[in-house]
Amino acid sequence: MTNKFLIFPPQFFDSVTILFSDVVTFTEICSRITPMQVVSMLNSMYSIFDQLTEKHDVYKVETIGDAYMVVSGAPENEERHPEKICQMALDMVVVIGDLKDPSTGTA
């Protein structure tokens, strides 16, 4: 049996900026809606966030539940990494205001 995993050597980056986001009251919202509504809500939100990662040229590291993590400065070195992450965060706040809470129908 052959190894199906690629092994990458460790890399060092002098400076990076990481953004962690979390949906406020996510557990409460989920308690009032169906599992499919949770999936739909997260899919809508993460699709918009994914578009923002492209706009700001940042790297999406992970999504777990309602947590979304992006980085700038790795895996590609980037001098303007703090600025890119700040702009991403500000845009996230703007676009999330347009999404409706499926349990209440309000933004």
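Qualifying side chain to side chain donor-acceptor pair (under 3.5 Å) partners for Thr17, counting only residues two or more places apart in sequence or in other chains: His81. Evaluation of the ring pair (Phe, Tyr, Trp, His ring centres under 6.0 Å) rule for Tyr68 yields Tyr46, Phe49 as partners, not counting sequence neighbours. Ile48 is linked by a side chain to side chain contact (heavy atoms under 4.5 Å, CB included) to Val95, Leu99, counting only residues two or more places apart in sequence or in another chain.
For residues 8-26, no pair satisfies salt bridge (Lys or Arg N to Asp or Glu O under 4.0 Å), with sequence neighbours left out. Within the structure, the ring-ring contact (aromatic ring centres under 6.0 Å, His included) test picks out no pair touching residues 87-107 (sequence neighbours left out).
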Please list every donor-acceptor pair under 3.5 Å in which a side-chain atom of residues 55-64 meets a protein atom from a residue at least two apart or in another chain.
| residue | atom | partner | partner atom | Å |
| --- | --- | --- | --- | --- |
| Lys55 | NZ | Asp91 | OD2 | 2.9 |
| His56 | NE2 | Asp91 | OD2 | 2.7 |
| Asp57 | OD2 | Lys84 | NZ | 3.1 |
| Lys60 | NZ | Asp50 | OD1 | 3.1 |
| Lys60 | NZ | Asp50 | OD2 | 3.4 |

For a quick test of your reading: what N or O donor-acceptor pairs under 3.5 Å do the side chains of residues 26-35 make, sequence neighbours left out?
| residue | atom | partner | partner atom | Å |
| --- | --- | --- | --- | --- |
| Glu28 | OE2 | Arg32 | NH1 | 2.8 |
| Ser31 | OG | Glu28 | O | 2.6 |
| Arg32 | NE | Ser103 | OG | 3.0 |
| Arg32 | NH2 | Ser103 | OG | 2.7 |
| Thr34 | OG1 | Gln37 | N | 3.2 |
| Thr34 | OG1 | Gln37 | OE1 | 3.3 |

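The hydrophobic cluster containing Leu52 does not contain Ile18, counting ILVMFWY residues as joined when their side-chain heavy atoms lie under 4.5 angstrom apart, directly or transitively. Under the 4.5 Å side-chain heavy-atom criterion for Ile, Leu, Val, Met, Phe, Trp and Tyr, Phe13 and Phe20 are members of the same hydrophobic cluster.
Looking at Ser40, its side chain never comes within 3.5 Å of a backbone N or O of Met36 through a donor-acceptor pair.
A 4.5 Å side-chain heavy-atom check between Val94 and Ile96 finds every atom pair outside the cut-off. Looking at heavy atoms from C-beta onward, Met88 lies in side-chain contact with Leu19 at the 4.5 angstrom threshold.
Rounding to the nearest 0.5 Å places CD of Glu78 at 11.0 Å from OG of Ser15.
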